Structure formats: structure tokens, C-alpha cells
Number of protein chains: 4
Amino acid sequence: MRKYSAILGNLGNTCDRFCGSYKENPSSIEMLKQAGKLDGISGIELVGTWDIRPDNVQKMKTALDNLNFKCVSIIPDLFADKIWRFGSISAKDSEVRQKAMEYLRTMCGVAEKMDCDIINLWPGQDGYDYLFQGNYLDERNWLVENIAKLAGEFPHLKFALEYKPKEPRTHSYMARMADTLLVCLQTGMDNVGVTIDTGHAFMAGENVSESIILAKQAGNKLFHMHFNDNYKAWDDDMIAGSIHSLEYIEMLYWLDKYGYDGWLSMDQYPYREDAVGAISESINWLKAFDKIMVTNRDKITDTIAEGDAVKTSALMRSILIG
Amino acid sequence: MRKYSAILGNLGNTCDRFCGSYKENPSSIEMLKQAGKLDGISGIELVGTWDIRPDNVQKMKTALDNLNFKCVSIIPDLFADKIWRFGSISAKDSEVRQKAMEYLRTMCGVAEKMDCDIINLWPGQDGYDYLFQGNYLDERNWLVENIAKLAGEFPHLKFALEYKPKEPRTHSYMARMADTLLVCLQTGMDNVGVTIDTGHAFMAGENVSESIILAKQAGNKLFHMHFNDNYKAWDDDMIAGSIHSLEYIEMLYWLDKYGYDGWLSMDQYPYREDAVGAISESINWLKAFDKIMVTNRDKITDTIAEGDAVKTSALMRSILIG
Amino acid sequence: MRKYSAILGNLGNTCDRFCGSYKENPSSIEMLKQAGKLDGISGIELVGTWDIRPDNVQKMKTALDNLNFKCVSIIPDLFADKIWRFGSISAKDSEVRQKAMEYLRTMCGVAEKMDCDIINLWPGQDGYDYLFQGNYLDERNWLVENIAKLAGEFPHLKFALEYKPKEPRTHSYMARMADTLLVCLQTGMDNVGVTIDTGHAFMAGENVSESIILAKQAGNKLFHMHFNDNYKAWDDDMIAGSIHSLEYIEMLYWLDKYGYDGWLSMDQYPYREDAVGAISESINWLKAFDKIMVTNRDKITDTIAEGDAVKTSALMRSILIG
Amino acid sequence: MRKYSAILGNLGNTCDRFCGSYKENPSSIEMLKQAGKLDGISGIELVGTWDIRPDNVQKMKTALDNLNFKCVSIIPDLFADKIWRFGSISAKDSEVRQKAMEYLRTMCGVAEKMDCDIINLWPGQDGYDYLFQGNYLDERNWLVENIAKLAGEFPHLKFALEYKPKEPRTHSYMARMADTLLVCLQTGMDNVGVTIDTGHAFMAGENVSESIILAKQAGNKLFHMHFNDNYKAWDDDMIAGSIHSLEYIEMLYWLDKYGYDGWLSMDQYPYREDAVGAISESINWLKAFDKIMVTNRDKITDTIAEGDAVKTSALMRSILIG
């Protein structure tokens, strides 16, 4: 059984660097009410500081319980506060690294109180913009050390590292599946794994199905999944399935081969769209893709075994458009 | 009624710069026999020199007639002979430009004898590789002048300029729809227009549907269509529809809005695949897409008129996977 | 003599969709004071509404005059107000198109009062995000008609259309040099031309030098230049010259071949950098590139005439690193 | 002291899928004579089967010795024979895998006879073209197993895995630095490492400097370097330094930080250029970059330590163009 969830903030306001606000600014509680309208989800991801902090953890716990939502993950805010503008746990400035660790420890504590198993770690500001700017050696080492330290301090939490090749920096340290798996392995910790954001992976030029297998071969390191779609050149954060189709069907096939039993979480950024509508659309697409995949699983297996592109094409047409 | 055709050479041998031959080397007549097995095509495009020359024009005419194939276009070979390695009609060397014009005149004569209306002009070697190598001003001027001259000499033929951003040069002079339309307009000739190769357009970052409209707004300049698919980063020349789906459906919708009544021609490069199988697959996909489009034309029109992404997504899912 | 200028807003606050503010929020007058520290600039571009409106036009005129700054262009704000979120002069909603025209007329009036010759038109929200969302035919027609109308109403102003392939929409209607030249030609107005933003052009996969020649061949349509640098995949708006070098040197060569005598304007977005420092750096790079180009102009001409890549490489090394 | 070398075949004929031959077909011995004209190289890489086989190993050994060339690596031909068209050591067909292993063992034997330390393994055909075609799990496992087996059988040889994201397949199994490091780690063999081809890395969207550090952090896994340049979208195999400059300077800095003492080998594909001239140009650029780097090493170190983009830009300009 697939478990669907969504990131709460997807229901909130949107902006870009040109337009400061495309929508209204709802509170987390108002967004939760909207989330209640999403058909088929049973979990919610919360962004640290914005949605959840030590001071509102009880209130949010109650609010989620009332809606029968599991707190799927906490996503610490390592990206919205300008203190992290030159990096957080890999910043050149040791005080900044220290502050990032303190903040993360607080968020891990919050996660425990929320009965939340996953810290979804996206250190979006950790990277560099210009050539001759980053000290790749020291900064990558700090990244690994700090994640290892945190994972050691909170052994009952799973740390799911979310990679993305760029934005907001022109280069992120955790950029693609394979380099993030190297980070996992270098921490030496069993509770450190990876989040695939399908859009980030598309943007990185990845075939997500193969990325899933990379995670399997590195020791079952796929901890979490974020879904959205884009044109493969930028993190457009669009409705999952609205651009690509066959990729998602293949992805679901390989998720099952992997034995993935985690969440399928919607992570979009509906700049100009009705958020409940846009997120619901992603779920609708994924459910339809899943039905197609399950119905045709054996045919898919047989066709892959042959590897004949002409038959593969016929299979794809038959399962996609009948 | 759609008219489907194929490029004869797609049924022949394949190679790349690493592997000199993936298949056997059939003759043009043998390839024509294979083309006879393609269900649903009524026309064939021939590559100049390789498939057709003054010395075999009668033989090829008979061979096509026997199979009830219209000669859809002649594609002069401005790419396989190393004499054109630094360009043909825009080469720095005036003798090379002269030779290219003589060759093209010969091929135009051949086209007339084949009752063929279209010269599909792909000057693949016309461009440049390095910075500070091309004289963009002179060379682009020669390109325009020579096309204008040819179009003037053969007013009953249509010259369909096929654009492609790169390969075999790192930069082609006719790179995208809009710059090729500028070439058309600069020739001042009514019988100069554009060929869209869907894969070239994808590789150029184009939305083919919008490119079709660009051609319409520039004076109904869409003369011809080549179909294939790729991952949008390179001219992989794969089975049309095997990667993208919604793009083709939208494309067929806008082709009708344009009023396009030309050929839908298959242009692939099945490196490792059975050629008849691979080309047939493209036709199968396109026919299926066309059926979907025609059935849903009114819904599509209504949805575009609204422009609401959530409804658009629902429409796409409903027409694609029902 | 080159004329350097800068966009005033580059000296202001920065943000992205994750972080709402990387800096402080200076007023336009405070930014002007900062601009006074930029060595070598003699002009300023102002963003409509934000920097300049009917109510502050006199104050800004005085402020610029005091600093001996020419008002190089007005950039009407068609991107920051959410009213334009589905487009401005090409929006489906005729009321929105009407409002956009009224706003533009106001800004044209402001330009006249500022003795400003150029309206730099970047309709960043005019485009579409999803397949089956845009009515390419109608919307592109509205775009052309409205620009033509405006150019007719203000014949003494030059309308410089700034193209960009995407952001904030996933697809912009004015995406590349050549399609924007088609828009110019379709307006039929002499006072409609193009702004090249070097970063937008890089992102569009263009060789800017060739784009300059495209504008020349379409009737001397290059009206304005914005400078910045990026990694060619996104509009990173970085220090011009910090990534690419040879491209800028070649560009300056072809600007002279074009006979361009307009402004070289700095347009960056220094998210995390000292703005005066970052903009000064761009000017420093450009001046150094220009000196190299001028010194080597004849050698460059000779080398291009030969087109021999080995000699071209030697030339480039000799002029770049001596 | 840097050690420069070149791949012998770079001096031979060139072709692409359109043009079967841009040059003449020299023999390996004739190419070696040309290699003797390359100023500053002391080593040569040989392609298996084409340049070197059991039957000519003695003759080639003598020929290299006479020119005082070290045999830097053997590059087994896993790409030019159509038997590998669906993969070699990861092919679905176990007989093909078996044949690939036998061939590789032969080539390892040849390497030993040539006193050659490195097998440069580029399994270019190992990957897939279409979705639903590759069995990522089994095929990647076979890849790892077979490399491990070979490395175990030839413990005195170093196996340098050369990654490339695509071409000739649309997807390669060894695509980027990090996934290839995972392959290395999964073999568990100390004598398995990575070759960086700078062009392949550019095409993969990598910052080569950071890739060098990834290899260091995975256990000093950088075994070999191939140099060439491209526009970052395709493996254009151009003169190293003719497009990018600062990247190479930064790369040489981090190679020294790594402690790399291997070869800097030229690997180009001069389609239309004089080969000796084109390869010499790459060496000239690299030597010039190296001189710049060495002279400015301390400044570079200090600037990286600060990480201030404005100062970084000034540094880059000062070291690049003085």
C-alpha cells in the first residue's frame, strides 16, 4: 500500500525574486485545514521554524492528530534565514556551523516530540557560486562530519539527505544521488540515507529509476521520496505527471523492486495555481500511474528482460494509452 | 487526412564515430523493399547522391511508382562529403560555395524528374566550431543569397530549410525555428520555408507547438515535418513517442490550427534496432496520438481558453491515460 | 567610446523564493548614492513604479542630474505586481492587457520627462508554464499588436524588447534573439528593437556574437545591452567576465562590426555580494576585455578570415593570457 | 613535474555518423611518427585491437621505446566492435559478458608486456537507450562483479574507470564521478579507480575541481586524467582551453591539493583540424594555465579561504589577464 503525504508549506504563499507574493499568507493551522481537503494523504511534512518550533510543538501535534495525519518528516530551515547565506553545516565560519548544529539539534528534539521518524535535510545554502570560492575539501569534510555527529546523537531518527544540483546556490554540495550516497557512506551511520526529490533528480539529468537502484546497491539508502515535475532544466516544482509520464511509471516499478515502503510525498511550488487543486492533481496522476504499473508489472518485467527497443516502445504505448 | 512518409536511409546501415557499422549495408532498392513493409506510409524521402542521382533517377522513379510511393522530398547531401567539412553554401571558400550551388541545381533537376515538390535543405556543415572562427556576417549573408538564388531558379520547387542547433558542427547557422524564419524572410522568396524536425526542435529547447505558430505568423512558412524523439539534449533520433507524449498530442492540435496539410515524415536513426520495427512504432504512436487529439479537440480548445493549470493537468491525464 | 551604465535596482535588496531578504532595503535615492561610487558609469536605468513614477519623476530627474547621470532607460514593472501573473500585454484577460497598456503609457510619459530615450520592455510574465495552457496564436498576436500600438503612440521613444527563455514563467513568449526580431518585424515599427541581456542569451544557448549579427541583418535592431554572466543553464546574474572571457572579447569585436554605439549596461543580481563591488567588477572585466579586443582587432579579423581552428586557438591564448 | 601524454588515435582519421571520413587513414606506426612531433609529451595511450594486440605488441613496444615514450595506458576497445552494441561486461547476454572478459584479460596481458600500469576502462556501450530497457539492478551488479574479478586477476595493474554520461548510448552506467566512485567502492579493490575526462565531466555538469576532491575523499581514487574542452552540452572533444580557462586553472590547483602525480593526457577528436596542431594547442594551453596557477598559488589559497565573490572575481581577472 502506497502512503501519500504532502509538505505543508506547499499550501501557503508563493513568491519569486521578481514578485514578492503571488497569493495570501495563511498560517500553518490554516494550511493544515487546507491539507485536510487533499484526498488520499495520511501524512504531512513540516518545515522547521515556519511550521514547527519548540513553542508550538504541542499545538501542532494536536492539530495533526485531529486530522489523523502522521508527521512524516521535519524539514529544518537551513535556507530561509540569511544567516545561512554562505552555508550552514559546511559554512567557512565555524560559528555559523555551530549555530546550524544547535538549530538542528533543536529540530531533532521537536521531531521526537512529534513522533516523527525522519529529518529531511536539505542544506540548500551549502555550496558555492563562483569558481575559486569554495574550499571543496574542508567544506565537504565539515558537511560529512556534522551529519555524522548529528546522526550519532539522535540514533532513533533517520536523516534523509535531499540533494539538488543548484538553487539557491549555483552549485550545491549535495548535488546528485551518487555524491549524496558517498556522503552517507562517509558518515558511517546506518541512519543516514537519501531523499529523492523527483524534480531535483530530473534537473540533475538523472533517470530516477536508476537512482533508486544506486541507493539500493549502496545499502538500501532510499529513505524518502518527494514528487513534482519539471522540464528537466530547472526545479519548476510543477504537478507531478503533467509533463512526464513513462518516467513515473518506470519509477514506481523500480520502487517496488527496491522494496521501498516509505512515503510518496508531494512537494510542489504552485506559484500561480490553486494549491489544493495542484497537489491533488499530483496524487491523481501518481495513483493512475501506479494502477497502470501494477496491472502491467509482469509484462514490464518480461520486456525489460528482453531489452528490445521496438518491443519496449510497443509496451510503453500499450500501457500508457492502451 | 494525415499523410505519412519516411526517409529511405533510415532503413539502412547505422554508425557513430566509435563504431563504423552496426548493421549491414543495403542498397537503395533493397531499402525500398523494406519501406514497402511500413504500414501506412505513402511517400518516401530520398537523400541526394546516396539514393538518387541523375544516373539512377529513372530507375528510382519506376521503383517508387511500383510501390505507389510519392517522392516526398529530395534531401541533397550537404553533409556526408568531406568537401563540405567547413560549410557548403556559406563556406568561406568561394569555390566550395560554387560547387555546392552546382550540386544543388543538379538535385533540383532530379527532383523535377521525380515529380517531387520539396527540396529539404539541411546544410549540416554550415556553421562553426570554435569562437573567433566564423565570420557570422559574411557567411550568413552567403547563406541567404544562395538560397534566394536557388529558389529563384527553381520557382516550382519548395525549399524547406531544416534547422538544427548543432551536430556535426558545434554551431549551425540555421539553428532554430525563428532564425530560420529570418533566413526565409531575408530571401524574399515565397517558395522558401521551414522543415521542423521534432528532435532538432526539442534539442533546441523549443516547444514545437509554439514553433508551428511562429511559422504561421511569419507567413505560413511550415513546409515539412520530420518526426523522431529524444531526451531534449541531443539528436538521439529515437522512436517518436517513446519518450514524450503530451508534446506530440499538443503538436498535432496546433498543426491543425495552422492548417498544415503537408507530410508527417519519419526521420529516425535506429542505431541498434530493427529499422522497419522502429519506424513502424513511430507511425503507431503518431496515429494513436492523432486519434486522441481528434477525439478531444473541443475539450482541448476549451481548456486552453481557460489557461487554468489545474484543469489543464486534469485534461491531460484524462486524454492521455483515460 | 564605450558608454557604461547600470540598473539602479542592482544596488538594492535581494531575495529568492526561499530567502525573503539577503540584504537591507535601501530607497531609490540611497541606491543612487551608491551608484555614484561606481567608477566609470555615466548612465542609470530605472525600474518603473519602484524607482520612478509620475509622483517622483521630478525628484529623480534632479537626483540623476546632480550625479551627472543620464537616464538610460525606463524598465516598466511588468513582473513584480501579481496582477501580471498570467501575462501583461499578452494576457488572456483583455482587462489585464488594457491595464498593462495604460501602465506602459504612463511609463512612456515618465520616460519623456526624464529625457530618456529607451523603454526597456521585459514582459517576464508573458508566456506559459504548462503544455495545453497557452494560446500561442492569439497571445503572440496580442503581444505584437500591443507593442506596435505603443510604438506608434510614442514615436520618439525606442522600444527595446528584452528576451529571456524562462523565469518567472517556464516559457516566455520573447525567448530568444531571433523570435524577438520576428516580433520587431511584425510590428512594422522602426522604433522597436531588441535588448540583449548577455546572461539571458547564454541561457538560451546563444552565441551572443552571432545574435548581434542576427540583429544587424534584421535591420539594425540592436537597441540596448545588459551585461552579466552565468553558467549557461540559468539566469544566475553574476559578475560579467567571472565565468566566461573569450565570449565577451568576441562580443565586443562584433559590437564594433555592427556599429553599435549604445550603452553597455550592468544588470546583475548580487544575492550575497556587496553590490558596488560586484557591479564594479563587471565594469573592470569589460574594460579589460575591450582593451584586449581593440589592441588585437586586426589579428582577430585576419584569424577569422582564415577560420583555421588551430590558429584560432593560438590567437585566443595569445590575446587572453599573453 | 607534470607528465603530459596523448592518445595515439587522436592523430588518426575522424568521422561522424554523417561523414564517414574527414581525413586519411594512417597506420598506428604512422601515427606514432606524428606523435613524435608533439612537443613536451613523454607518454602514449594505445587503444586495444586498433593500436595494440598480442600479435603486434613487440613491434609497438620497440616503436614506443625508440621514441622514448612510456605506454601510459591501454584502452581496451569495448566500443567499436558491434558485438558490444548492447553492452560488454554488463550486457544482458552472458556470452557477450564472457567474451568481454576474455578480451579484457587479453588486453591486460598486453599491458603487462608493454610495461603499462593502467587499463583505462571506458565501457561506452554499457548502458541503455530507452526507458524500460535496462535492468539497472542486474546490469549494474554485473558491471561491478566483472570489474572486481578482473582487478583481482591482475593485481599489479590499475583499472581506471572512465565515466561519461552518454554517447554512444543515451545513458551510460558509469556516468559521473560519484556513481563511478560507488562502483570502485563496491568492487572492494584498491586497484580500481577513476579517469576524469574533463570533457565528459563538463558534459555531466560537473565542476571538475570538486570531482577531484570527491575522488580524494573516496580514498584517493583519481588514477588518470584526459583533457579536452567542449561547450558543456556534448562531448565535442575540442582543444583544451579553447573555450574554458578559469576552470582549468582551478583544476590544476586542486590536482596539486589532491597530490595527483599521474599523467595529464590529451584526448581530443580533431574532426576537421590538423591533429598535431590541435593536440599541441591543448598542451600549450595547459602549460600556460599551470604557470599561472603555480605563480599565484598562495593568492588563490588566500582568496578561497575568504570566499568573498568580489575579491574572487578580482583575483581571477588578475591571474587570467593580468
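Please read these numbers as outputs of a predicted model, since none were measured by experiment. By convention in this document, chain letters (A, B, ...) are assigned in the order of the sequence lines, proteins followed by strands, and residues within each chain are numbered from 1.
- The aromatic rings of C:Phe202 and C:His244 are tilted relative to each other, their planes meeting at an angle between 30° and 60°.
- Proximity to chain C (any heavy atom under 4.5 Å) is shown, for B:Phe132, by both the backbone and the side chain.
- Both the backbone and the side chain of C:Asp179 come within contact range of chain B, each with at least one heavy atom under 4.5 Å from a heavy atom of that chain.
- With a 4.5 angstrom heavy-atom cutoff, B:Gln186 touches chain C only via side-chain atoms.
- Of the listed residues (B:Lys257, B:Gln133, B:Met316, B:Gln217), the one with the most heavy-atom contacts under 4.5 Å to chain C is B:Gln217.
- Other residues, nucleotides and ligands contribute over 12 non-hydrogen atoms within 6.0 Å of the NZ atom of C:Lys287.
- In this structure, chain C has no heavy atom under 4.5 Å from any part of B:Asp138.
- The contact between C:Glu247 and chain B is made by backbone and side chain atoms together, counting heavy-atom distances below 4.5 Å.
- Remark: the backbone N or O of B:Gly87 is not paired with any side-chain donor or acceptor of B:Lys92 at under 3.5 angstrom.
- Heavy atoms of C:Ile300 lying under 4.5 Å from chain B belong exclusively to its side chain.
- Residue C:Tyr258: no heavy atom, backbone or side chain, is found under 4.5 Å from chain B.
- Both the backbone and the side chain of C:Ile249 come within contact range of chain B, each with at least one heavy atom under 4.5 Å from a heavy atom of that chain.
- Heavy atoms of B:Lys216 lying under 4.5 Å from chain C belong exclusively to its side chain.
- Taking the six-membered ring for Trp and thresholds of 30 and 60 degrees, C:Tyr128 and C:His171 have nearly parallel ring planes, at less than 30 degrees apart.
- At a 4.5 Å heavy-atom cutoff, the contact between B:Ala204 and chain C is made by backbone atoms alone.
- Counting heavy atoms of neighbouring residues, nucleotides and ligands inside a 6.0 Å radius, atom CG of C:Asp93 exceeds 12 of them.
- The backbone N or O of C:Arg140 lies less than 3.5 Å from no partner atom in the side chain of C:Ser90, so there is not a single donor-acceptor pair.
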### Message
Could you go through C:Leu182 and B:Leu185, starting from their C-alpha distance and side-chain angles, then the distance that decides it, and tell me whether this counts as side chain to side chain contact (heavy atoms under 4.5 Å, CB included)?
### Response
CA-CA 10 Å; C:Leu182 288 171; B:Leu185 298 178; 3.7 Å; yes

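- Both the backbone and the side chain of B:Asn135 come within contact range of chain C, each with at least one heavy atom under 4.5 Å from a heavy atom of that chain.
- In terms of non-hydrogen atom pairs under 4.5 Å with chain B, the most contact-rich of C:Leu181, C:Val144, C:Asp308, C:Asn141 is C:Asn141.
- Residue B:Ser209 touches chain C through both its backbone and its side chain, counting heavy-atom pairs closer than 4.5 Å.
- Residue contact with chain C, scored on non-hydrogen atoms closer than 4.5 Å, is absent for B:Tyr253.
- Heavy atoms of C:Glu210 lying under 4.5 Å from chain B belong to its backbone as well as its side chain.
- In this structure, no portion of C:Thr180 lies under 4.5 Å from any heavy atom of chain B.
- For a residue to count as touching a neighbouring chain, one of its non-hydrogen atoms must lie under 4.5 Å from one of that chain's; by this rule C:Ala305 touches chain B with the backbone only.
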